[in-house]
Colleague: 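Mind having a look at this structure? Questions to follow.
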Amino acid sequence: MPKIIVEVMPKADLLDPQGKAVANALHRSGNKDISAVRIGKRIELHFDREVTDADLAAARKIGEDFLSNAVIEDVVNVVVEN
Amino acid sequence: MKIGVVTFPGTLDDRDAARAVRLAGGEAVSLWHADSNLQKVDAVILPGGFSYGDYLRCGAIAAQAPVMKEIIKKANQGLPVLGICNGFQVLVESHLLPGGLIRNEHQHFICRDQKLRVENVDTAWTNQFALNQEITIPLKNGEGGYIATKDELARLEGEGLITFRYVDVNPNGSMNDIAGLRNERGNVVGLMPHPEHAVEPGFGPDTDAAMRSGVDGLLFFKSVLNALVNA
């Protein structure tokens with residue numbers, strides 16, 4: 001079934017506690033070359049029919065208005081996946 | 001005077017908030033998240049808790065609830081609304097107050113009796129305080145770090161909308177020690193600490209006078225009753 005993927009990331013200048021904790025764990029397990037980890041969200045919007053351009057535009061708006069908070073997050077990608 | 005107290009799935013402090021309203025001399029009315037009927041209440045409290053399990057972002061899903069559609073409409077017309085803790089997060093997610101609340105800087109849940117300074121007494125919820133009065137009420141949150149853009153922060157400071165500031169210690173990394181805010185009109189106030197847990201001797205924070213005798217929170221609820229009587 002077609003779906004629209006919305007990806008949301010914490011803003012680059014904000015502390016990402018999850019990412020920091022994962023980075024620390026990776027360093028402990030020997031992955032010294034990974035300099036940082038950031039964790040965001042992948043949200044799938046599923047459809048039981050073809051996805052139209054209007055759906056994509058609506059998904060972008062949903063992404064900006066509801067799935068992310070512009071003060072703390074950025075929508076980094078909105079894409080159709082069949 | 002009827003003060004509505006909203007219950008969302010995951011709300012914890014609705015009963016305490018209703019009790020605080022009664023102790024201040026008001027009538028508490030339970031409002032349900034799925035019901036858009038505000039039952040002619042004169043003011044609304046959005047209490048603390050973990051609405052919708054904090055899914056997506058704290059307060060984000062509650063901000064879309066049917067009851068909030070009505071509350072946002074009426075708040076923009078002047079209905080007094082107080083958001084406590086998760087309720088503050090709901091107000092921010094509803095765009096009734098600016099900015100955002102993120103995980104505490106030290107990444108731990110915090111629970112302590114917190115000293116605040118009341119920096120604005122021209123609101124429906126703070127008019128019974130003295131300007132710059134220091135009060136102590138409980139604070140308990142995991143995501144209480146207040147943030148806003150540089151421009152927004154400058155506007156809040158410039159217009160005197162910062163209503164409560166943490167004193168002695170900044171418990172969660174909030175910008176400019178912000179504990180709570182008001183809107184331009186002064187009818188909407190949000191804060192992270194919990195006034196409803198400091199309204200009755202025996203159950204409040206410790207004071208110099210006696211253990212658990214702190215009732216600084218009571219004036220929030222007396223303030224709104226005063227504002228409504230004089231409206």
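In what follows, every chain begins at residue 1, and chains take the letters A, B, ... in the order their sequences are listed. Model, not experiment: these values are computed from the prediction.
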Colleague: Which atom pair, heavy atoms only, marks the closest approach of B:Leu56 to A:Phe66?
Modeller: CD2-O, 3.4 Å
Colleague: Check whether more than 12 heavy atoms from other residues, nucleotides or ligands sit under 6.0 Å from atom CZ of B:Arg15, and answer yes or no.
Modeller: no
Colleague: Measure B:Ala148 against the heavy atoms of chain A and call it side chain, backbone, both or neither at under 4.5 Å.
Modeller: backbone
Colleague: Going from CG on A:Leu14 to CD1 on B:Ile147, what distance comes out if it is rounded to the nearest 0.5 angstrom?
Modeller: 4.5 Å
Colleague: Produce the donor-acceptor pair table for chain B versus chain A, cut-off under 3.5 Å.
Modeller:
| residue | atom | partner | partner atom | Å |
| --- | --- | --- | --- | --- |
| B:Leu56 | O | A:Lys41 | NZ | 2.5 |
| B:Arg57 | NH1 | A:Phe66 | O | 3.0 |
| B:Arg57 | NH1 | A:Leu67 | O | 3.1 |
| B:Arg57 | NH2 | A:Phe66 | O | 2.8 |
| B:Glu93 | OE2 | A:Asn69 | ND2 | 3.3 |

